[in-house]
Amino acid sequence: MGFCEREYEKQEKIDGVIYNMSPAPNFRHGIINGNIYSIIKNGLKNSLCLVFMEHLDYSYHPDMNDDYFCPDIMITCDRKRLKGSFYSGVPKFIAETLSPSTAKRDKTVKKDAYEKAGVEEYWIVSQKGDLDIYYLKDGKYELEHSYILQNDPEEEDYNAKAEIRLRAFPHIKMTLEEIFENAD
């Protein structure tokens, strides 16, 4: 049985192998996750759906084994699939904010597992201001949007005010500026 946190220890179990995710990510990681989480949480008021930040394990193929991830941000809508510290349904949305120790898994193993599980929208967020948004189309992820934050209004590629909406929840919108606020 896995727990997202165990006495200051965060772990994931992938193909039967436990990965220790300590030490904790740096403060930028937490700020970015908090920014995204806050906007989504406000947008989900009066909804059956819930948003979680880092503290709920996702059992991504529960019928096969007890592997799990601990996504940075996850929206769940099937409350019957919440049990203890695990969610075993199909999330509507997952975001992973890259850390040096997890970046490769976030871009490969996790992306492939989320795709196979049927997660409709997957964000890969870098602490440097990059955001890649994948949508599930015909069972495969397609990179729909790719941003590199340019917050200098004098620059030709200025995009800090670019508005991003969640696919399954189009009323939930945020700008690149809001996502990366205070993360520099």
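Numbers here simply count residues along the sequence, with the first being 1. Note: hydrogens, waters and symmetry copies are ignored here, and every other heavy atom, side chains too, is used. Quick caveat, the model's predicted, so the values are computed rather than measured.
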Next item on the list: Step by step, work out the salt bridge (Lys or Arg N to Asp or Glu O under 4.0 Å) result for E121 and R167.
Entry: CA-CA 7 Å; E121 184 171 354; R167 183 182 191 186; over 6 Å; no
Nearest non-hydrogen partners of [X] and [Y], listed with the distance:
{"X": "P71", "Y": "I94", "answer": "CB-CG2, 3.8 Å"}
{"X": "K173", "Y": "E178", "answer": "O-OE1, 4.4 Å"}
{"X": "T175", "Y": "K161", "answer": "CG2-O, 3.6 Å"}
{"X": "H29", "Y": "S99", "answer": "CD2-OG, 3.3 Å"}
{"X": "C77", "Y": "Y87", "answer": "N-OH, 3.9 Å"}

Checklist line | Option among L131, V125, D130 that satisfies the side-chain contact (heavy atoms from CB on, under 4.5 Å) test with Y147 | finding: L131
Next item on the list: Scan I31, I36, N35, L149 and name whichever one has a side-chain contact (heavy atoms from CB on, under 4.5 Å) with F180.
Entry: L149
Are [X] and [Y] joined in one hydrophobic group, where the rule is that I, L, V, M, F, W and Y side chains link up if heavy atoms are under 4.5 Å apart?
{"X": "I32", "Y": "Y37", "result": "yes"}
{"X": "L176", "Y": "I124", "result": "no"}
{"X": "M53", "Y": "F93", "result": "yes"}

Any side-chain heavy-atom pair of [X] and [Y] under 4.5 Å:
{"X": "P91", "Y": "I75", "value": "no"}
{"X": "C70", "Y": "F52", "value": "no"}
{"X": "K110", "Y": "E96", "value": "yes"}
{"X": "W123", "Y": "L166", "value": "yes"}
{"X": "M174", "Y": "I40", "value": "yes"}
{"X": "Y58", "Y": "S88", "value": "no"}
{"X": "I172", "Y": "R165", "value": "no"}

Is a donor on one side and an acceptor on the other found under 3.5 Å between the side chain of [X] and the backbone of [Y]?
{"X": "R79", "Y": "L48", "result": "yes"}
{"X": "T76", "Y": "D78", "result": "no"}
{"X": "S126", "Y": "K128", "result": "yes"}
{"X": "N159", "Y": "Q150", "result": "yes"}

Straight-line distance of [X] [atom1] to [Y] [atom2], nearest 0.5 Å:
{"X": "D157", "Y": "D152", "atom1": "CG", "atom2": "CG", "result": "10.5 Å"}
{"X": "D132", "Y": "S146", "atom1": "CG", "atom2": "OG", "result": "3.5 Å"}
{"X": "K107", "Y": "T102", "atom1": "NZ", "atom2": "OG1", "result": "10.0 Å"}

Next item on the list: Run the numbers on L56 and L82 for side-chain contact (heavy atoms from CB on, under 4.5 Å), then give the verdict.
Entry: CA-CA 9 Å; L56 184 70; L82 287 167; 3.6 Å; yes
Next item on the list: State whether Y134 and K111 meet the cation-pi test: NZ (Lys) or CZ (Arg) under 6.0 Å from the six-membered ring centroid, and within 45° of the perpendicular axis.
Entry: yes
Note to self: One pair to check against side-chain contact (heavy atoms from CB on, under 4.5 Å): M74 and V51. What are the steps and the verdict?
What the structure shows: CA-CA 6 Å; M74 175 171 58; V51 62; over 6 Å; no
Notebook entry, point to check: Does CD1 in I148 sit with more than 12 non-hydrogen atoms of other residues, nucleotides or ligands closer than 6.0 Å?
Noted result: no
Next item on the list: Have a look at F69 and tell me which of Y122, Y114, F86 forms a ring pair (Phe, Tyr, Trp, His ring centres under 6.0 Å) with it.
Entry: Y114
Anything under 3.5 Å between a donor and an acceptor, one on a side chain of residues 135-142, the other on a protein residue two or more places apart or in another chain? List them.
from: K137; atom 1: NZ; to: E144; atom 2: OE1; distance (Å): 2.8
from: Y141; atom 1: OH; to: V119; atom 2: O; distance (Å): 2.8

Check: Can N33 and E54 be said to form a side-chain contact (heavy atoms from CB on, under 4.5 Å), step by step?
Finding: CA-CA 9 Å; N33 286 345; E54 300 174 1; 2.8 Å; yes
Next item on the list: Please test I164 against I179 for side-chain contact (heavy atoms from CB on, under 4.5 Å), starting from the C-alpha separation and ending with a verdict.
Entry: CA-CA 10 Å; I164 299 159; I179 292 169; 4.0 Å; yes
